[in-house]
Amino acid sequence: MASDFFYPNCGGVEEHIFNLSQCLLAKGHKVIVVTHSYGDRSGIRYMTNGLKVYYLPIKTFYNQCILPTMICNIPLLRNILIRERIDIVHGHSAFSALAHEMMLVASLLDLRVVFTDHSLFGFADLSAVVTNKFLQISLCTCNHCICVSHIGKENTVLRASVPAHKVSVIPNAVDTALFTPNPINRPQDDTITVVVVSRLVYRKGIDLLVGIISRISQMPELGNVNFLIGGDGPKRGLLEEIREKNNMQERVTLLGALEHSKVRDVLTQGHIFLNTSLTEAYCMAIVEAAATGLQVVSTRVGGIPEVLPHKLITMTDATVDGLLKGLLVAIDKQRNRRKALEQPTNGYHQKDDEVLCPFACNALVAELYNWENVATRTEKVYRRVLREPDQPLGVKLSSYLITGVWPYLLVVSLCYLLIQICEWLTPKTIIDIARDWPSSQPSPTTTRARTKKKRR
């Protein structure tokens with residue numbers, strides 16, 4: 001697994017890589033993760049179940065990504081791929097320069113390459129055009145692509161010119177055993193708590209959230225409606241400004257950046273989860289919120305309509321008026337359910353248009369999404385690419401011609417020459433093979449036998 005985004009950084013890509021790796025380890029596969037250093041976290045670390053992580057001593061350039069030099073890290077990446085006896089390199093995220101560099105080196109070493117695209121991109125602005133062209137170049141020699149939604153597949157096929165038969169749709173999942181409801185944590189009075197957990201950036205629709213908070217402050221007839229906002233980013237100052245302007249210091253709580261282990265504790269304090277994203281390929285946050293028993297209100301963008309059934313989500317237009325209307329409907333449903341539960345009746349019967357029980361939400365999400373299913377489907381992709389024959393260097397170089405960026409052939413040729421120089425200086429035969437995690441640890445039987453010998 002190769003990506004610039006991994007723990008201790010938190011996000012959907014990081015969570016996907018970790019959970020997929022854990023399931024593949026449980027199936028008996030050897031998995032390592034390659035990322036760059038985070039602060040003092042450098043070198044080789046071991047995580048849960050012996051997941052080996054290489055934190056390479058490479059400085060970040062922008063937004064937690066390394067500078068895409070394409071050639072400077074070749075000796076290091078080649079050494080890792082050889083000493084770990086890697087068969088498949090799985091890159092994650094179109095934004096990750098390290099993933100693309102690792103995929104190029106793997107391709108030139110005749111290894112199989114798989115790529116997972118976690119995001120949606122446009123086609124109009126300059127940054128999207130440049131990013132799409134670079135992605136098209138990077139995926140020329142990729143054996144197979146994985147997208148997390150059908151709309152994401154269409155987007156990747158169009159912007160990266162990848163043949164549709166080389167793209168599979170495998171959604172994300174959530175650990176429903178971790179994200180369990182706890183209604184006791186919710187306010188027991190008439191207060192409704194709206195939870196927002198997101199990066200505070202433009203594409204997450206924070207400007208829309210600001211407009212909603214401002215409108216809610218002007219509607220005293222709603223009663224107590226509080227906002228609990230987790231996350232950090234450049235738009236935090238805007239939220240603080242609107243909170244001060246509307247005198248909502250006690251009703252809008254900004255928690256800042258959250259560790260993933262604390263997200264569930266925040267979600268259980270709320271009744272409604274609000275997602276204001278302007279673009280999403282899948283959106284893990286709404287799945288985690290639904291598993292925790294929250295009623296989800298979200299914009300109807302990207303792959304979100306594919307994620308949750310209508311029982312668990314209210315979808316709206318990506319406008320302040322649309323989101324406000326959906327939020328008011330969700331608030332009314334919560335209060336109607338609370339009144340119905342308080343009425344002295346022989347039993348409460350769920351109606352079709354009412355809010356589901358939090359534990360029923362968790363059970364429904366557990367049926368729809370689980371990491372075991374994701375790992376099994378990903379394993380089928382791995383077995384498929386392993387059956388593909390090796391391609392000669394000439395075929396790989398000719399595949400770059402369809403991009404129209406012919407000078408890039410010089411970059412790939414230079415990378416190939418550097419790999420050959422590395423092979424001459426440091427042949428594969430003299431590179432130490434890394435020991436796998438189970439074999440590197442002495443077994444209890446062996447330890448007891450050694451202890452007996454010492455005693456004798």
Side-chain angles (χ1 to χ4, degrees), residues 2-5 11-13 60-72 91-104 107 113-169 199 201-208 233-235 276-283 299-304 306 318 396-415:
S3 180
D4 280 301
F5 311 109
V13 177
T60 57
F61 172 65
Y62 174 73
N63 197 22
Q64 292 295 339
C65 293
I66 67 170
L67 181 67
T69 62
M70 306 307 295
I71 60 174
C72 293
H92 291 265
S93 180
F95 294 107
S96 175
L98 179 60
H100 295 303
E101 288 192 12
M102 179 68 90
M103 289 162 59
L104 176 61
S107 177
V113 175
V114 177
F115 175 73
T116 295
D117 200 353
H118 295 264
S119 304
L120 295 178
F121 291 86
F123 300 87
D125 58 289
L126 180 60
S127 62
V129 171
V130 173
T131 303
N132 294 344
K133 180 56 69 173
F134 274 111
L135 185 64
Q136 181 185 5
I137 294 171
S138 179
L139 298 185
C140 281
T141 55
C142 182
N143 295 95
H144 205 83
C145 293
I146 297 174
C147 294
V148 294
S149 64
H150 290 280
I151 194 70
K153 175 179 178 178
E154 294 179 12
N155 185 260
T156 300
V157 169
L158 288 174
R159 65 191 174 91
S161 301
V162 181
H165 69 273
K166 284 191 171 184
V167 184
S168 299
V169 177
R199 291 188 180 96
V201 296
Y202 171 77
R203 74 181 188 90
K204 293 295 183 180
I206 303 304
D207 297 276
L208 299 178
K235 291 287 184 179
T276 59
S277 294
L278 300 178
T279 174
E280 286 287 356
Y282 179 83
C283 193
T299 50
R300 190 187 293 105
V301 297
I304 288 179
E306 305 175 25
K396 292 178 181 178
L397 291 176
S398 63
S399 63
Y400 289 101
L401 297 177
I402 62 174
T403 66
V405 188
W406 294 5
Y408 191 75
L409 289 173
L410 298 176
V411 177
V412 178
S413 301
L414 178 59
C415 292

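All values below were derived from every heavy atom in this structure, side-chain atoms included, with hydrogens, water molecules and symmetry-related copies excluded.
Side chain of Gln136 to backbone of Arg159: no donor-acceptor contact under 3.5 angstrom is found. The closest donor-acceptor contact from the side chain of Glu101 to the backbone of Ile71 lies at 3.5 Å or more, if one exists at all. Side-chain N or O atoms of Thr156 include none that pairs as donor or acceptor with a backbone N or O of Lys153 at under 3.5 Å. Between the Asp4 side chain and the Ala97 main chain, a donor and an acceptor come within less than 3.5 Å of each other. A donor-acceptor pair under 3.5 Å links the side-chain atoms of Lys396 to the main chain of Ser107, judged by distance alone. When atom types are taken as modelled, the side chain of Asn143 and the backbone of Val113 share a donor-acceptor pair closer than 3.5 angstrom. With hydrogens and angles disregarded, no donor-acceptor distance shorter than 3.5 Å links the side chain of Ser277 to the backbone of Glu280. No donor-acceptor pair under 3.5 Å is formed between the side chain of Ser3 and the backbone N or O of Val13. No side-chain donor-acceptor contact under 3.5 Å links Thr60 to the backbone of Tyr62. A donor-acceptor pair under 3.5 Å is formed between the side chain of Ser413 and the backbone N or O of Leu409.
With contacts defined as side-chain heavy-atom distances shorter than 4.5 Å, the pair Cys145/Leu139 qualifies. Counting heavy atoms from C-beta outward, Leu135 and Asp117 have side chains that approach closer than 4.5 Å. Counting heavy atoms from C-beta outward, Val148 and Val169 have side chains that stay 4.5 Å or more apart.
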Chi angles and distances behind the side-chain contact (heavy atoms from CB on, under 4.5 Å) call for Lys133, Tyr408: CA-CA 12 Å; Lys133 180 56 69 173; Tyr408 191 75; over 6 Å; no

Stepwise side-chain contact (heavy atoms from CB on, under 4.5 Å) test for Trp406 and Tyr400: CA-CA 7 Å; Trp406 294 5; Tyr400 289 101; over 6 Å; no

Apply side-chain contact (heavy atoms from CB on, under 4.5 Å) to Ile304 and Tyr282, showing your working. CA-CA 6 Å; Ile304 288 179; Tyr282 179 83; over 6 Å; no

Given the rule in the side-chain contact (heavy atoms from CB on, under 4.5 Å) test, do Leu278 and Tyr202 qualify, once you have shown the distances and angles that lead to the verdict? CA-CA 8 Å; Leu278 300 178; Tyr202 171 77; 3.7 Å; yes

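With rounding to the nearest 0.5 angstrom, the CD1 atom of Ile66 is 7.0 Å from the OG atom of Ser96. To the nearest 0.5 angstrom, Phe5 atom CZ is 12.5 Å from His92 atom NE2. With values rounded to the nearest 0.5 angstrom, Glu306 atom CD is found 4.5 Å from Ser149 atom OG. A distance of 7.5 Å separates CG of Leu104 from OG of Ser138, quoted to the nearest 0.5 Å. To the nearest 0.5 Å, atoms SG (Cys415) and CE (Met70) are separated by 5.5 Å.
Taking the ring centroids of His144 and Phe115, they lie at or beyond the 6.0 Å cut-off.
Nearest heavy atom pair, residue Ala164 against residue Val157, reads CA-CG2, 4.1 Å. Closest of all the heavy-atom pairs between Lys166 and Cys142 is NZ-O, 4.0 Å. In terms of heavy atoms, Thr141 sits closest to Ser399 at CG2-OG, 3.6 Å. Listed here is the closest heavy atom pair of Gly152 and Cys147: O-SG, 3.6 Å. Closest approach of Ala99 to Gly91, counting heavy atoms only: CB-CA, 4.0 Å. Of all heavy-atom pairs between Thr276 and Leu208, the closest is O-CD1, 3.9 Å.
Legend: residues meeting side-chain hydrogen bond (donor to acceptor under 3.5 Å, both in side chains) with Thr403, ordered by chain and number and at least two apart, are absent.
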